Amino acid sequence: MSDAETGDVEQRIARLEQYDQRLTRAIELLAERGAGPAGQRRRDWDALAAVIASFIGLLALAVSGYTAYVQRQQLRAQVWPRLEVSYSNNDQELAWHVHNQGTGPARVFAVRVVVGGTLVTTWGGVRKAADYVDGERATMSSITQSVLPAGKDVAMFRAGEDPQSRTRFQELLSGGKHALSVTICYCSVLDDCFVTTDQARPPIDPSPPDSCPIKRNEQFVD
């Protein structure tokens with residue numbers, strides 16, 4: 001939850017508490033009034049007391065509702081997932097990574113992989129679209145239909161250590177003919193859902209699960 005949202009909720013609760021105090025003061029003032037016959041005063045007092053008690057009950061309910069809202073927002077912050085797709089390109093490692101940098105687990109329900117503009121749904125399709133040949137090695141790990149805990153880092157696709165395999169893998173990173181692109185749809189344990197790609201960080205605000213842009217026939221299944 002953002003600081004702006006927290007401040008807005010706190011201001012609303014403060015205003016409701018002020019209304020509660022004003023109504024309490026109104027009751028005290030009415031109790032101090034002694035004008036009119038005793039029987040009439042009694043009937044008037046009973047009616048006013050009933051109305052004021054109803055208002056106080058409604059205000060108490062409203063304050064309770066806002067308190068519950070704040071608690072839920074705090075819980076959302078505690079279980080907020082944030083998947084980021086990146087790659088390492090150095091002498092030690094060539095690999096595509098998916099890292100959960102949030103505070104809670106991420107439930108991945110759809111992944112889309114495109115190589116050189118061609119949609120692929122298996123690691124065999126990735127190798128074929130990238131023109132891999134015998135002897136060019138790579139290590140693959142799938143995150144489809146999985147749960148990534150907070151802090152978890154998965155190397156989805158890692159090049160072999162030999163020069164030929166590294167050269168082939170470089171083509172996936174270069175943005176050229178065999179450029180690789182990844183899109184991931186995932187949700188928190190509270191069903192707040194997000195979409196992230198290798199080209200953009202995921203948004204902070206969640207979206208409905210049906211807003212995932214990956215169609216069923218586009219989903220990576222390997």
Side-chain angles (χ1 to χ4, degrees), residues 1-6 72-90 92-130 138-159 169-222:
M1 182 173 60
S2 66
D3 293 340
E5 290 176 336
T6 301
R72 178 172 175 80
Q73 293 297 89
Q74 292 174 340
L75 178 59
R76 288 175 64 187
Q78 292 172 358
V79 297
W80 176 53
R82 184 174 179 82
L83 295 187
E84 294 194 5
V85 183
S86 61
Y87 60 84
S88 54
N89 184 7
N90 52 59
Q92 286 73 37
E93 181 187 55
L94 289 176
W96 282 88
H97 289 267
V98 178
H99 185 202
N100 184 358
Q101 296 187 341
T103 57
R107 177 172 56 84
V108 179
F109 66 90
V111 177
R112 180 172 60 202
V113 178
V114 176
V115 178
T118 300
L119 176 70
V120 293
T121 57
T122 65
W123 286 119
V126 172
R127 294 180 62 89
K128 181 178 180 180
T139 302
M140 289 80 75
S141 298
S142 178
I143 64 169
T144 304
Q145 301 299 323
S146 63
V147 177
L148 274 63
K152 180 70 173 180
D153 183 284
V154 176
M156 288 184 60
F157 199 29
R158 178 183 287 117
F169 195 89
Q170 286 279 9
E171 295 180 3
L172 299 174
L173 308 178
S174 65
K177 177 182 177 181
H178 296 139
L180 186 145
S181 176
V182 178
T183 302
I184 302 174
C185 296
Y186 63 99
C187 297
S188 73
V189 296
L190 297 179
D191 286 333
D192 291 330
C193 299
F194 307 84
V195 180
T196 187
T197 73
D198 57 288
Q199 300 176 347
R201 291 177 176 270
I204 294 177
D205 296 327
S207 58
D210 57 7
S211 64
C212 177
I214 304 174
K215 299 178 181 179
R216 183 177 296 274
N217 64 341
E218 298 177 341
Q219 294 183 14
F220 198 78
V221 298
D222 207 348

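Computed from heavy atoms alone, side chains included, the values below leave out hydrogens, waters and symmetry copies. All figures in this text were calculated on a predicted structure; none of them were measured in a lab.
Contact of the T144 side chain with the V221 side chain is not registered, since no non-hydrogen atoms from C-beta on lie closer than 4.5 Å.
By the ring pair (Phe, Tyr, Trp, His ring centres under 6.0 Å) test, Y87 pairs with W96, sequence neighbours left out. Legend: residues meeting side chain to side chain contact (heavy atoms under 4.5 Å, CB included) with Q170, ordered by chain and number and at least two apart, are N89, L94, L173. With sequence neighbours excluded, no residue forms a side-chain hydrogen bond (donor to acceptor under 3.5 Å, both in side chains) with S86. Residues satisfying the side chain to side chain contact (heavy atoms under 4.5 Å, CB included) test with S207, not counting sequence neighbours, are S211. Residues forming a side-chain hydrogen bond (donor to acceptor under 3.5 Å, both in side chains) with E171 (at least two apart in sequence, or on another chain): R168, H178. Applying the side-chain hydrogen bond (donor to acceptor under 3.5 Å, both in side chains) test to R107 and every residue at least two apart in sequence or in another chain returns D191. Listed by chain and number, the residues in a side chain to side chain contact (heavy atoms under 4.5 Å, CB included) with T196 are L83, V85, I184, Y186, P202 (sequence neighbours excluded). With sequence neighbours excluded, no residue forms a side-chain hydrogen bond (donor to acceptor under 3.5 Å, both in side chains) with T197.
Here the closest non-hydrogen pair linking V147 and P105 is CG1-CB, 3.8 Å. Closest of all the heavy-atom pairs between D192 and P206 is CB-CB, 3.5 Å. The two residues C212 and A110 come nearest to each other via the heavy atoms SG-CB, 4.1 Å. Minimum interatomic distance between C185 and I214 (heavy atoms only, all atoms of both residues): SG-CD1, 3.8 Å. Nearest heavy atoms, V154 versus S141: CG1-CB, 4.2 Å. Taking each heavy atom of R82 and N100 in turn, the nearest pair found is N-OD1, 3.1 Å.
A donor-acceptor pair under 3.5 Å is absent between the side-chain atoms of Q219 and the main chain of V111, judged by distance alone.
For residues 144-157, the set of pairs meeting the salt bridge (Lys or Arg N to Asp or Glu O under 4.0 Å) definition, not counting sequence neighbours, is empty. A salt bridge (Lys or Arg N to Asp or Glu O under 4.0 Å) check over residues 109-119, counting only residues at least two apart or in different chains, returns the pairs R112-E218.
One finds the CG atom of L180 at 7.5 Å from the CE atom of M156 (value rounded to the nearest 0.5 Å).
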Give every donor-acceptor pair under 3.5 Å between a side-chain atom in residues 117-130 and any protein atom, sequence neighbours left out.
| from | atom 1 | to | atom 2 | distance (Å) |
| --- | --- | --- | --- | --- |
| T122 | OG1 | G125 | N | 3.0 |
| R127 | NH1 | E136 | O | 3.4 |
| R127 | NH2 | E136 | O | 2.9 |

